[in-house]
Q: 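Quick one: structure below, then a few questions.
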Amino acid sequence: MKFFWGTRSLRWFINGSLVMFGALLALALLVHGKLSQGLIEHPVWQHVLESSTKSVLQSAKEADLSDTLPTKGAVKGWMVVNDRTFPADLPVALVNLAPGYYSESEIDTMQEVSLTAGIISILTPHWGPFADAPGDTTRARDYAALVTAVPGGRLIMVIDLTELEDEQNGSIQLSVLFLIFNLVMIGLVIWWLHLSLTRPVDDLAQRMRELDPLQPSQRLPTSYRKIELNTIAQEANAHLQRVELAVERERSLLDQASHEFRTPLAIISGAADVLHKQQLPERALRPLHRIDEAVKTLTQVMEALLYLSREPSPEERKQVTVLHGLLPDLVRDHSYLLTGKPVSYVLESREPTTLQAPESMVRIAVGNLLRNAAEHTHIGAIHVSLSDGTLSIRDSGSGFDTTQVAKRFTESIRKDGKRGASSGLGLFLTQRICERFGWRLTLESSVSKGTSAVINFD
């Protein structure tokens, strides 16, 4: 399984990195808030209250307990007598506390403070114009409390943590503002990347897709704001120019070669026509017929090479071939290859099949397969069928090893004049024609069992 980012574009990688940075920043601020809350819950406040309580109790041995209780400052104390008499200034949250130590969060829990109220309390600022008015006694205070059972009642000692919690909340508020600012900046950066990088790149890709191979001298614009995109466009234009020159050279060479070949072919064809009109002995008719077939085959090869060397015109793209009607003619035209051999073509099922391709290309592709089957079959039958958009040609010949055929085909290209070169070129042209029109050619063969050539037109 590939890593997630390995399947995404650069845009996804950059945007994902920024979002991940924002998530890590939020996590860091959350950890910071948790650590700062630890100051409010620190055990040091319990130690302070224990020391204060001990000091008050020691002083009470020499004087009345009520006179030794601290009433001002961060640490305060109250004496509750027999749970009946409550000092007027004793916070309500501390009235019913049993002996023991209570942290600030425990006291809030006892007061059943809702989550929403807690969040509002944290986010409510206490500085600047939002600061509490001097002497405001309506605001709830935050305490850590230590309740000690003493003769006649309970001694309640508290330390006021309100100012400390305000500072902690102020730090959280600044962190939240910092987080919001950074998230906004991340969103703006992603939006800027979309405007300045993604859209121009998509525009450049769209313009490259719209380049028409039939229209030479097309170039990409080099007026983008980003230098990098202009560099890509300029290099692409230079590559287009080199490709255009290379294609033009090859096309010119192919046209010249075609012209040079057509002249001798026309002479040979004309001479053969003249010989056909003469009274020739029977033994001369077969070589003359082979000359006709060689001229026809070479003409088709040249036509296929010229067609494959260029992009088809709009008119050629609209040409249609009725294969089920053409197939009997192709089988009949290649029957001469079986003369003198106990082999025959067997035309089986022919379902209606129409192809969006020139008839000449279909003739070459199917004809090469028929010719190849005839050359490799010495006894038996060659079965030809057309069904479900698939053409199948199965022979009962000697078959071949596909690896050895590929090797012989490569060697035949290097050595002119070999019989295998013609056969190899025929299969090569068939494969190229299939690739041009999106057909799938499959060859299956085994020694002594024959060969099956299948073209799937769907």
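Counting begins at 1 with the first residue of the sequence. Predicted, not measured: the structure shown is a model, and the values here were computed from it.
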Q: Any side-chain donor-acceptor pair under 3.5 Å between Asp160 and Thr162?
A: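 Asp160 vs Thr162: donor-acceptor pair found between side chains.
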Q: Taking Tyr101's backbone N and O only, do any of them form a donor-acceptor pair with Ser103's side chain (distance below 3.5 Å, no angle check)?
A: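 Pair absent, no side-chain N/O of Ser103 close to backbone of Tyr101.
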Q: Starting from the C-alpha separation in whole Å, work towards a yes-or-no answer on side chain to side chain contact (heavy atoms under 4.5 Å, CB included) for Leu347 and Leu386.
A: CA-CA 9 Å; Leu347 188 57; Leu386 179 63; over 6 Å; no
Q: First locate atom CG of Leu369, then atom CG of Leu443, and finally report the distance between them rounded to the nearest 0.5 Å.
A: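 It comes to 7.0 Å.
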Q: State, to 0.1 Å, how close Tyr143 and Val158 come at their nearest heavy-atom pair, and which atoms those are.
A: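 Heavy atoms only, the tightest pair is CD2-CG2, 3.8 Å.
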Q: Go through the steps for Phe437 and Leu355 under the test side chain to side chain contact (heavy atoms under 4.5 Å, CB included), then give the verdict.
A: CA-CA 9 Å; Phe437 296 103; Leu355 304 178; over 6 Å; no
Q: What are the two closest non-hydrogen atoms of Gly22 and Leu179, and how far apart are they?
A: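 Answer, listing the atom of Gly22 first, then Leu179: O-CD1, 4.3 Å.
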Q: Is a side-chain donor or acceptor of Arg154 paired with a backbone partner of Leu97 at a separation under 3.5 angstrom?
A: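 Yes; judged by distance alone, with no hydrogens or angles, the pair exists.
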Q: Ignoring hydrogens, what is the shortest heavy-atom contact between Gly77 and Met157? Give both atom names and the distance.
A: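 Smallest heavy-atom distance, with atoms named: CA-SD, 3.6 Å.
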Q: Going by heavy atoms in the side chains, are Phe178 and Asn182 under 4.5 Å from each other?
A: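 Counting from C-beta outward, Phe178 and Asn182 do come under 4.5 Å.
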Q: At what distance, to the nearest 0.5 angstrom, does OG1 of Thr148 lie from NZ of Lys54?
A: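 These two atoms lie 12.5 Å from each other.
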Q: How long is the gap from CD1 on Ile393 to CD1 on Ile382, to the nearest 0.5 Å?
A: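 With rounding to 0.5 Å, CD1 (Ile393) is 8.5 Å from CD1 (Ile382).
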Q: Quick one: closest heavy-atom pair of Val56 and Leu69, and the distance?
A: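 Minimum heavy-atom contact is CG1-CD2, 3.8 Å.
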Q: Among residues at least two apart in sequence or on other chains, which ones pass salt bridge (Lys or Arg N to Asp or Glu O under 4.0 Å) with Glu348?
A: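 Per chain and number, Glu348 pairs via salt bridge (Lys or Arg N to Asp or Glu O under 4.0 Å) with Arg394.
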Q: Please report the shortest heavy-atom distance between Glu351 and Asp388, naming the atom on each side.
A: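 Closest heavy-atom pair between Glu351 and Asp388: OE1-N, 2.9 Å.
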Q: Heavy-atom distance under 4.5 Å between the side chains of Asn456 and Thr442, does that happen here?
A: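 The answer is no, as the side chains (C-beta and beyond) never meet within the 4.5 Å cut-off.
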Q: Can you tell me how far the CG atom of Leu245 sits from the CG atom of Leu240, to the nearest 0.5 Å?
A: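 Output value for this atom pair is 11.0 Å.
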Q: Just wondering, do Gln218 and Glu244 contact through their side chains at under 4.5 Å, heavy atoms?
A: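 In short, these two side chains do not touch, never coming nearer than 4.5 Å.
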Q: Taking atom CG as the centre, does Leu24 end up with more than 12 heavy-atom neighbours from other residues, nucleotides or ligands that are less than 6.0 angstrom away?
A: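 Above 12, so yes.
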Q: Heavy-atom distance under 4.5 Å between the side chains of Ile232 and Val201, does that happen here?
A: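 When only atoms from C-beta onward are counted, Val201 and Ile232 do not touch, as no gap falls below 4.5 Å.
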Q: Just by modelled atom types, is the Asn368 backbone N or O under 3.5 Å from a matching donor or acceptor in the Asn372 side chain?
A: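 Flag not set: sc Asn372 to bb Asn368 has no pair under 3.5 Å.
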Q: Ignoring hydrogens and geometry, is there a side-chain-to-backbone donor-acceptor pair from Thr53 to Leu49 under 3.5 Å?
A: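 Checking the backbone N and O of Leu49 against the side chain of Thr53, a donor-acceptor pair under 3.5 Å is found.
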Q: Taking all atoms of both residues into account, what is the closest heavy-atom pair of Ala373 and Thr377, and its distance?
A: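 Reported closest heavy-atom pair: O-OG1, 2.7 Å.
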Q: A side-chain contact here means heavy atoms from C-beta on lying under 4.5 Å apart; do Glu444 and Val454 qualify?
A: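 Counting from C-beta outward, Glu444 and Val454 never come under 4.5 Å.
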Q: Less than 4.5 Å apart, side chain to side chain, heavy atoms only: is that true for His239 and Glu235?
A: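 With C-beta onward as the side chain, the pair stays apart.
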Q: Is any side-chain heavy atom of Thr321 closer than 4.5 Å to a side-chain heavy atom of Pro358?
A: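 Contact flag for Thr321/Pro358 side chains = no.
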Q: Hey, what do you get for CG (Leu94) to CD1 (Ile107), rounding to the nearest 0.5 Å?
A: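 Atom-to-atom, Leu94:CG and Ile107:CD1 are 5.5 Å apart.
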Q: Evaluate the side chain to side chain contact (heavy atoms under 4.5 Å, CB included) criterion for residues Glu210 and Gln206: first the C-alpha distance (whole Å), next the side-chain angles of each, then the deciding distance (0.1 Å), finally the verdict.
A: CA-CA 6 Å; Glu210 293 175 352; Gln206 179 64 29; 2.9 Å; yes
Q: Would you indicate whether the side-chain heavy atoms of Leu188 and Trp192 approach each other to under 4.5 Å?
A: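 Answer no - side chains too far apart.
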Q: Among Ile455, Leu427, Leu391, Ile433, exactly one meets side-chain contact (heavy atoms from CB on, under 4.5 Å) together with Leu441. Which residue is that?
A: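 The option that passes is Ile455.
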Q: Once rounded to the nearest 0.5 Å, what's the spacing between atom CG of Asp395 and atom NE2 of His376?
A: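 Answer rounded to 0.5 Å: 8.5 Å.
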Q: Return yes if some donor-acceptor pair links the side-chain N/O of His324 with the main-chain N/O of Arg350 below 3.5 Å, else return no.
A: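 Absent.
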